Number of protein chains: 2
Amino acid sequence: MKPADMDAVFHALASSHRRKILDIVKSMPGSSVNDVCKYFEMSRIAVMKHLKVLEAANLVISQKSGRARELYFNAVPIQLIYDRWTTEYSKFWASHVTDIKFKAEAKRRAHERDD
Amino acid sequence: MKPADMDAVFHALASSHRRKILDIVKSMPGSSVNDVCKYFEMSRIAVMKHLKVLEAANLVISQKSGRARELYFNAVPIQLIYDRWTTEYSKFWASHVTDIKFKAEAKRRAHERDD
DNA sequence: TTCATAAGTAACTATAAGGTTACATATAAG
DNA sequence: CTTATATGTAACCTTATAGTTACTTATGAA
């Protein structure tokens, strides 16, 4: 996955509006643009712009059906980033998640009387 | 993890410059701002702004040591998002990754003669 | 054909991002 | 004390985001 693609995916995910759209499209595959609009206060144009960002990141795929556009969630980019994280960052986690757990444990013990 | 915090983390990760800074600080804990600057063409001020974004996302933590500032990578936000993904999205993956594999397989078979 | 509806495009505004240079402050070293 | 170094702050510029309204196009239905 190219850096520019990762930029697009992270950028697309960096908005609660867009994450909400993802949730909607994920749970109701084939939703139209107007269907998605019903869940928001903002204008349809604003929603379409968010959809454009999501499609640029390949997180949403669409296909025309008559005058409507059917929207589908695409998990592949998230899967790819997930894979990258669990490989590229796994070594880090292997060492530091332990630290975090240790610190959490130490903290727990320090405050044991208060619990 | 609050939506605003997720926004901050995804936004921070949506830049290859900032991901590179993360890699540097991760592999050389305690690096100073100037140390990090050595790996970039842009000005120190630009690097500091990226660091501010990373600190706002809690991905980098810093502590003063004399006139220098020591920088440390913090894995917790990534861990939290990772956990969220592997829970919130896992059901989706469970059903659709299978589809993806199926489609990939179908495609492979369709082009079998060309391989 | 006529009308209603879904989507797309254009133009505009306000704010945020990402960069710059210039200047200010704090501390280590001579 | 003086100087060099590390960081911090201010002001500015350009481009990108996120939204708006107005208009256009395409299609389904009466």
Side-chain angles (χ1 to χ4, degrees), chain A residues 2-25 28-73, chain B residues 2-25 28-73:
Chain A
K2 284 178 291 190
D5 294 336
M6 287 191 75
D7 288 8
V9 175
F10 281 125
H11 172 242
L13 292 171
S15 151
S16 56
H17 283 166
R18 286 193 288 266
R19 291 195 301 274
K20 184 175 170 186
I21 291 178
L22 274 192
D23 286 340
I24 292 166
V25 170
M28 291 172 289
S31 292
S32 70
V33 175
N34 264 323
D35 289 341
V36 172
C37 285
K38 287 165 195 154
Y39 295 85
F40 293 94
E41 297 301 312
M42 63 185 141
S43 73
R44 179 180 55 89
I45 315 303
V47 170
M48 283 181 62
K49 287 190 180 180
H50 283 305
L51 281 169
K52 185 166 279 185
V53 172
L54 288 165
E55 292 195 62
N58 210 31
L59 287 164
V60 164
I61 292 170
S62 69
Q63 120 191 17
K64 268 276 187 176
S65 168
R67 63 182 163 182
R69 208 170 103 217
E70 296 174 344
L71 303 168
Y72 300 94
F73 179 69
Chain B
K2 284 178 291 190
D5 294 335
M6 287 190 75
D7 288 7
V9 174
F10 281 125
H11 172 242
L13 291 171
S15 152
S16 56
H17 284 164
R18 286 192 288 266
R19 291 195 300 274
K20 184 174 168 185
I21 291 178
L22 274 192
D23 286 339
I24 293 166
V25 169
M28 291 172 289
S31 291
S32 69
V33 175
N34 263 323
D35 290 340
V36 172
C37 286
K38 286 166 196 155
Y39 294 85
F40 293 93
E41 298 300 313
M42 62 184 141
S43 72
R44 178 180 56 87
I45 314 301
V47 171
M48 282 181 63
K49 286 190 180 181
H50 283 305
L51 282 170
K52 185 166 280 186
V53 172
L54 288 165
E55 293 195 60
N58 210 31
L59 286 164
V60 164
I61 291 170
S62 69
Q63 118 191 19
K64 268 278 188 176
S65 168
R67 64 183 162 183
R69 206 170 105 216
E70 297 174 344
L71 303 167
Y72 300 94
F73 179 70

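All values derive from a computational prediction rather than experimental measurement. Reminder, nothing fancy here: chain letters follow the sequence lines and each chain counts from 1. What's counted below: heavy atoms across the whole structure, side chains too, no hydrogens, waters or symmetry copies.
The two residues A:G30 and A:Y72 have their closest heavy-atom pair at N-CE2, 3.4 Å.
When the C1' atom of D:dT7 is taken as reference, atom CG of B:L71 falls 11 Å away, rounded to whole Å. In this structure, B:F40 places its CZ atom 13 Å from P of C:dG18, rounding to the nearest Å. Counting to the nearest Å, the P atom of C:dA17 and the CG atom of A:D7 are 15 Å from each other. Summarising the geometry, the separation between NZ on B:K38 and P on D:dT5 is reported as 12 Å, rounded to the nearest angstrom. Taking atom NZ of A:K20 as the reference point, atom C1' of D:dA18 lies 16 Å away to the nearest angstrom. One interatomic measurement links the two molecules: CD of B:E55 to C1' of D:dG8, which rounds to 13 Å at whole-angstrom precision. The nearest whole Å value for the distance from the CG atom in A:L51 to the P atom in D:dG19 is 12 Å. Separating the CD atom of A:Q63 from the P atom of C:dA6 is a distance of 18 Å, rounded to the nearest angstrom.
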Apply the test side chain to side chain contact (heavy atoms under 4.5 Å, CB included) to residues B:R18 and B:H11: give CA-CA distance (whole Å), side-chain angles for both, the deciding distance (0.1 Å), then the verdict.
CA-CA 10 Å; B:R18 286 192 288 266; B:H11 172 242; 3.7 Å; yes
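The phosphate of C:dA7 has OP1 or OP2 within less than 4.0 Å of a side-chain N or O from A:N34. Within the structure, every side-chain polar atom (N or O) of B:H11 is placed at least 4.0 Å from both OP1 and OP2 of C:dA16.
Here the CZ atom belonging to A:R69 is positioned 4.5 Å from the CD atom belonging to A:E55, to the nearest 0.5 angstrom. Residue A:S15 holds its OG atom at 8.0 Å from CG of A:L54, rounded to the nearest 0.5 Å.
At distances below 3.5 Å, at least one donor-acceptor pair connects side-chain atoms of A:R19 with backbone N or O atoms of A:L13.
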If the sugar-phosphate is the primed atoms plus P, OP1 and OP2 and the base is the rest, what is the B/S/- string for nucleotides 20-28 of chain D, using protein heavy atoms under 4.0 Å?
BBB----BS
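Within the structure, side chain to side chain donor-acceptor pair (under 3.5 Å) pairs that include any residue of residues 36-48 of chain B comprise B:D35-B:K38 (at least two apart or interchain).
Across all strands shown, A:S32 has heavy atoms under 4.0 Å from sugar-phosphate atoms exclusively, and none from any base.
Checked against side-chain contact (heavy atoms from CB on, under 4.5 Å), B:A57 has the following partners two or more places apart in sequence or in another chain: B:A8, B:V9, B:A12, B:L59.
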